[in-house]
Amino acid sequence: MGSTKRRPWKPSPNVDQTWFFARFDEVGLSLRAVAEKLDIDHSSLSHMLYGKRKLQIEEAIDMARIFDVTLEEVLVRAGYPEVRNLRKR
């Protein structure tokens, strides 16, 4: 069988990791603690931050509450910039 090369993880240009980690710091929670509040495994949250997994709407709602920001802000920072255009329609 042929070997499959694993690609090194590269941050997704669409996910603003810096913003998310700054929010973790602001609320005094680690990635693991935020994942626990979202009722997901910490690796799932890490995968989302690196663009390997899509953020689920329920998770985005909970993140907005945890970070005390709008749902729109979380979605845009998670790589859904088209959310900003919905208001303009």
### Query
Applying side chain to side chain donor-acceptor pair (under 3.5 Å), which residue pairs with at least one partner in residues 54-68 are found, sequence neighbours left out?
Arg53-Glu59
### Task
Kindly determine whether Val74 and Trp19 satisfy side chain to side chain contact (heavy atoms under 4.5 Å, CB included), including the steps that lead there.
CA-CA 9 Å; Val74 171; Trp19 183 86; 4.2 Å; yes
### Query
Considering the options Leu71, Val69, Leu45, which one meets the side-chain contact (heavy atoms from CB on, under 4.5 Å) requirement together with Met63?
Leu45
### Task
Of all the heavy-atom pairs spanning Leu49 and Val15, show the shortest one and how long it is.
O-CG1, 3.4 Å
### Summary
Residue set satisfying side chain to side chain contact (heavy atoms under 4.5 Å, CB included) with Ala33, at least two apart, ordered chain then number -> Leu29, Ser30
### Results of ring-ring contact (aromatic ring centres under 6.0 Å, His included) for Phe24 - residues two or more places apart only
Phe21, Phe67
### Message
Suppose we screen for side-chain hydrogen bond (donor to acceptor under 3.5 Å, both in side chains). Which residues come up paired with Glu73, at least two apart in sequence or across chains?
### Response
Arg77, Arg84
### Task
Name all pairs fulfilling the salt bridge (Lys or Arg N to Asp or Glu O under 4.0 Å) condition that reach into residues 30-51, sequence neighbours left out, sorted by first residue then second.
none
### Spatial distance of atom OG (Ser44) from atom CG (Leu55) [nearest 0.5 Å]
11.5 Å
### Task
With sequence neighbours left out, write down each residue that passes side-chain hydrogen bond (donor to acceptor under 3.5 Å, both in side chains) with Glu26, or none if nothing qualifies.
Arg23
